[in-house]
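Convention: sequence-line order gives letters A, B, ...; per-chain numbering from 1. Excluded from the calculations below are hydrogen atoms, water molecules and symmetry mates; all remaining heavy atoms, backbone and side chain alike, are included.
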Protein chains: 2
Amino acid sequence: MSAEKHDVFQAIADPTRREVLRLLGEKELSITQISDHFPMTRTAVSKHLKILSEAKLVKSEKHGRAKIYYLHAESLQELKDWLEYFERFWENKLLKLKHQVEKDD
Amino acid sequence: MSAEKHDVFQAIADPTRREVLRLLGEKELSITQISDHFPMTRTAVSKHLKILSEAKLVKSEKHGRAKIYYLHAESLQELKDWLEYFERFWENKLLKLKHQVEKDD
DNA sequence: TTGACGTGAAACCATATGGTTGTATATAAT
DNA sequence: ATTATATACAACCATATGGTTTCACGTCAA
């Protein structure tokens, strides 16, 4: 798991990491709590969390011996911006369809 | 490059593939035309196109000896839907900020 | 103080990924 | 018919990715 090349797009490419984000959307959780939801070792989950951290999609705080992770959804803005560029390619189609339906009434 | 496991999330994880999507947003292009934009072989670009095809983000038609690719942006809807779930986590913050600014006026 | 608990980190492994070169095949153009 | 063009496909390669096991270390509870 190499250096500074984990951006948001790569971070959300993995289904496990997307599921982690959903979990953290519900509630802050420790690493152990998170890994209880997955059929893999705590170490594996920990690596996923590292990647999510690098992409700034999650943040963490130490509470005693536990490390608590929480969602930092603001970083999804980059994705939203990227998507926006492509919206014109199908939003128009939906509008045209809507107009067509209304005309048919 | 293995079987049916290329979904939209994985397809857009690669910067080259995102750039291909942008290019095709401007204009339909053949494989050769697309690969002219990248510092890699036509074969490499062709593999990226295959992955984008599997994710249904692009479609293609044969015109004589050329294979013309065009954008199929509708498949980005899945991404949009996924994002929507997380919007509540920061849209509210922006709204609060906006209200604060208005109150300050 | 002695464990038990929660995490970190290193070493290792199989497979995926992103790229290359080389060869084959179909379609135009001369 | 020959040649040039556009793509397809197979083989190969280095590195990344996603996972494991093992061990070390700080922290909390008895």
> Less than 4.0 Å between a side-chain N and a carboxylate O, is that true for B:Glu87 and A:Lys80?
Replying inline: yes

>> From NZ of A:Lys47 over to C1' of C:dG8, roughly how many Å is that when rounded to an integer?
In response: 12 Å

> Between C:dT17 atom P and B:Asp7 atom CG, what is the distance in whole Å?
Replying inline: 10 Å

> If you look at every heavy atom in A:Leu71 and A:Gly25, which pair is closest and at what distance?
Replying inline: CD2-CA, 3.8 Å

>> Check the phosphate of D:dG19 against A:His48, side-chain N and O only, distance under 4.0 Å to OP1 or OP2. Yes or no?
In response: yes

>> Measure NZ/B:Lys50 against P/D:dA8 and give the value in whole Å, please.
In response: 11 Å

> Just how far, in rounded Å, is P of D:dC25 from CZ of A:Arg42?
Replying inline: 16 Å

> What is the distance from CD1 of B:Ile68 to C1' of D:dT5, rounded to the nearest Å?
Replying inline: 13 Å

> Considering only heavy atoms and no angle criterion, is a donor-acceptor pair shorter than 3.5 Å present between the side chain of A:Lys62 and the base of D:dT27?
Replying inline: no

> Do the side-chain N or O atoms of B:Thr41 get closer than 4.0 angstrom to the phosphate oxygens (OP1, OP2) of C:dT20?
Replying inline: yes

>> Assuming nearest nucleotide by heavy-atom distance, tell me which of B:Thr32 and A:His63 is located more 5' along DNA chain D.
In response: B:Thr32

> Which sits closer to the 5' end of DNA chain D, B:Thr43 or A:Pro39, going by the nucleotide each is nearest to?
Replying inline: B:Thr43

>> Side-chain N or O of B:Ser46 versus OP1/OP2 of D:dA8: is the shortest distance under 4.0 Å?
In response: yes

>> Can you measure B:Leu29 atom CG to D:dA6 atom C1' for me and round it to whole angstrom units?
In response: 14 Å

>> If you compare every side-chain N and O of A:Arg17 against the phosphate oxygens of D:dG18 (OP1, OP2), does one of them come in below 4.0 Å?
In response: yes

> With respect to the side chain of A:Arg65, which nucleotide from C:dT7, C:dG6, D:dT7 is positioned closest?
Replying inline: C:dG6

>> Is it the case that C:dG8 (base atoms only) and A:Lys67 (side chain only) share a donor and an acceptor within less than 3.5 Å, ignoring hydrogens and angles?
In response: no

>> Starting from A:Val8, can I reach A:Tyr70 by hopping between I/L/V/M/F/W/Y residues whose side chains sit under 4.5 Å apart?
In response: no

> Looking at the side chain of A:Ala66, which of C:dG6, C:dG8, D:dT7 is the nearest nucleotide?
Replying inline: C:dG6

> How is A:Ala44 classified with respect to the nucleic acid when contacts are heavy atoms under 4.0 Å: base, sugar-phosphate, or nothing?
Replying inline: base

>> Cation-pi check for B:Phe86 against B:Arg88: NZ or CZ below 6.0 Å from the six-membered ring centre and within 45 degrees of the axis, yes or no?
In response: no

> Between C:dA16 and B:Gln10, is there an OP1 or OP2 to side-chain N/O distance shorter than 4.0 Å?
Replying inline: no

> Same cluster or not: are A:Leu29 and A:Ile68 linked, directly or through other Ile, Leu, Val, Met, Phe, Trp or Tyr residues, by side-chain heavy atoms under 4.5 angstrom apart?
Replying inline: no

>> What is the distance, to the nearest angstrom, from the CG atom on A:Asp14 to the P atom on D:dT17?
In response: 11 Å

> Rounded to the Å, how far apart are A:Ile31 CD1 and C:dT7 P?
Replying inline: 5 Å

